[in-house]
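Report on one structure; see the data block that follows.
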Amino acid sequence: MLVYPSGLDLSSSSLRFLTGKLTALRRERGTRWRRLGTDRQALLVLAHLRCGHTYAQLATGFGISFSTVYRYVSEAVELLAALAPDLAEAVRAASRKAFVILDGTLLPIDRIAADQPFYSGKHKKHGMNVQVLADPAGRLLWASPALPGAVHDLRAAREHGILDSLAEAGIRCWADKGYQGSGGTVRVPYRGRWEKLSAGQQAVSRAHAKIRALGEQAMATLKTWRLLRKLRCSTTRITSLVQAVLTLHLTCSNQG
């Protein structure tokens with residue numbers, strides 16, 4: 001396999017943050033020696049998450065074994081995922097905002113047609129359903145654990161307790177038609193064919209769409225981590241990967 005110099009479109013704060021956490025973890029565990037220092041391990045993990053480089057590519061590039069890459073990535077992802085905010089923390093942060101935007105996204109996975117629980121009829125592909133909360137500016141606040149792609153957005157929001165949490169906190173929420181019937185503080189567009197809506201209903205739906213469109217920025221934020229554009233790992237690991245990305249994004253955007 002050929003090796004070539006490359007770069008990461010991340011700030012140095014990402015590397016410093018992850019290096020610091022890995023250093024503290026090794027100190028806590030009493031680790032004496034590793035093939036790579038914590039700064040190189042952090043760089044390897046960031047390359048995997050941000051660029052989607054495979055374990056084989058990283059093993060060649062960093063001069064270590066495939067199994068060592070797997071251990072390094074798993075260790076860092078588990079560490080980062082544990083630092084991700086839970087829904088209660090996200091709701092507390094959202095309570096300081098005028099409103100939030102709720103939307104769902106499908107993270108594509110590599111599965112065969114027989115894997116029905118993961119097939120999304122809406123997107124016509126296999127994947128995992130992740131619910132996302134964004135602030136009024138479209139900044140990512142929180143991402144949920146991943147559910148099979150066949151799960152509808154409304155059902156996913158209910159299973160995660162998003163709707164009840166927002167209602168209890170009195171936080172206004174804008175969402176698309178997929179959340180019809182949510183109740184509480186969730187606002188959705190008017191149902192029905194556009195030409196059959198009144199002028200007032202059309203105006204409300206247009207304003208709603210402009211607000212909700214900002215939520216697409218939060219989705220785009222997740223997809224800038226190219227590993228999430230096509231996941232080829234076990235579905236049991238996807239939640240940890242999403243939470244690890246969330247931690248890196250929130251920490252480094254706050255430091256920026």
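Values in this document were obtained by computation on a predicted structure and should not be read as measured data.
Separation of atoms OH (Y55) and SG (C233) is listed at 7.0 Å; rounding is to 0.5 Å. Rounded to the nearest 0.5 Å, atoms CG (D39) and CG (L22) are 10.0 Å apart. Note: Y72 OH to I64 CD1 = 6.0 Å, rounded to the nearest 0.5 Å. For the atom pair H152 NE2 and R155 CZ, the distance stands at 11.0 Å (nearest 0.5 Å). The CG atom of L166 sits 5.0 Å away from atom OG1 of T185, with the distance rounded to the nearest 0.5 Å. The distance from the CG atom of L18 to the OG1 atom of T251 is 10.0 Å, given to the nearest 0.5 Å.
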Point to revise | Intermediate values then yes/no, side-chain contact (heavy atoms from CB on, under 4.5 Å), Y179 and I162 | key: CA-CA 12 Å; Y179 297 88; I162 300 170; over 6 Å; no
Exercise for review: Quick one: do L163 and L154 satisfy side-chain contact (heavy atoms from CB on, under 4.5 Å)? Show the steps, please.
Suggested key: CA-CA 9 Å; L163 306 180; L154 178 56; 3.9 Å; yes
Review point. Taking it one step at a time, do V204 and Y190 satisfy side-chain contact (heavy atoms from CB on, under 4.5 Å)?
Key: CA-CA 8 Å; V204 170; Y190 284 101; 3.8 Å; yes
Check your understanding: So L107 and L241, side-chain contact (heavy atoms from CB on, under 4.5 Å) or not? Walk me through it.
Key -> CA-CA 11 Å; L107 302 181; L241 289 170; over 6 Å; no
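Closest approach of A42 to T19, counting heavy atoms only: CB-OG1, 3.5 Å. Residues T23 and T38 approach most closely at OG1-OG1, 2.9 Å, considering heavy atoms. Across P136 and K97, no two heavy atoms sit closer than the pair CD-CB, 3.9 Å. Q180 approaches P189 most closely through the heavy-atom pair NE2-O, 3.0 Å. Heavy atoms only, all atoms of each residue included: S205 and W194 are closest at CB-CZ3, 3.7 Å. Nearest heavy-atom pair across A94 and V100 is CB-CG1, 3.4 Å.
In this structure, the side chains of K177 and V188 stay at 4.5 Å or more apart for every pair of heavy atoms. The shortest distance between side-chain heavy atoms of D153 and K122 falls below 4.5 Å. Within the 4.5 Å cutoff, no side-chain heavy atoms of L10 are placed close to those of L15. Between L46 and S14 there is a side-chain heavy-atom pair separated by less than 4.5 Å. Under the 4.5 Å side-chain criterion, counting only non-hydrogen atoms from C-beta, M128 is not in contact with L231.
L83 and L248 fall within the same hydrophobic cluster, where Ile, Leu, Val, Met, Phe, Trp and Tyr residues are linked whenever their side-chain heavy atoms come under 4.5 Å apart, directly or through other members. A single hydrophobic cluster is not seen to contain both L147 and M219; linkage of ILVMFWY side chains at heavy-atom distances under 4.5 Å, directly or through other members, places them apart. In the hydrophobic clustering of this structure, L106 does not group with L140; members are Ile, Leu, Val, Met, Phe, Trp, Tyr whose side-chain heavy atoms approach within less than 4.5 Å, directly or through other members. In the hydrophobic cluster analysis, where Ile, Leu, Val, Met, Phe, Trp and Tyr join through side-chain heavy atoms closer than 4.5 angstrom, V151 is grouped apart from L228. By the rule that hydrophobic residues join a cluster once side-chain heavy atoms approach within less than 4.5 Å of another member, V130 and L250 end up as members of one cluster.
With R16 contributing its side chain and S11 its backbone, the two residues share no donor-acceptor pair below 3.5 Å. Within the 3.5 Å criterion, the main-chain N or O of R187 finds a donor-acceptor partner in the side chain of H208. Judged by distance alone, with hydrogens and angles left aside, the side-chain atoms of D103 form no donor-acceptor pair with the main-chain N or O of G215 at under 3.5 Å. Looking only at distances, no side-chain donor or acceptor of Q131 sits under 3.5 Å from a matching main-chain atom of L102. Counting only distance, with no hydrogens or angles, the side chain of Q243 and the backbone of A143 share a donor-acceptor pair below 3.5 Å. No side-chain donor-acceptor contact under 3.5 Å links H53 to the backbone of H48. Here the side chain of T247 pairs a donor or acceptor atom with the backbone of L80 at under 3.5 angstrom. With E78 contributing its side chain and E75 its backbone, the two residues share no donor-acceptor pair below 3.5 Å.
Surrounding CZ of R226 are more than 12 heavy atoms belonging to other residues, nucleotides or ligands, all under 6.0 Å away. Other residues, nucleotides and ligands contribute more than 12 heavy atoms inside 6.0 Å of the NZ atom of K223.
With V242 as reference, I238 is the one residue of L246, I238, V245 to meet the side-chain contact (heavy atoms from CB on, under 4.5 Å) rule.
The aromatic rings of W174 and F99 are tilted relative to each other, their planes meeting at an angle between 30° and 60°.
Judged by distance alone, the side chains of S182 and R158 never bring a donor and an acceptor atom under 3.5 Å apart. No hydrogens or angles considered: a donor-acceptor pair under 3.5 Å links the side chains of T68 and R71.
For the salt bridge (charged side-chain N to carboxylate O under 4.0 Å, His left out) condition, no pair includes a residue of residues 232-241, sequence neighbours left out.
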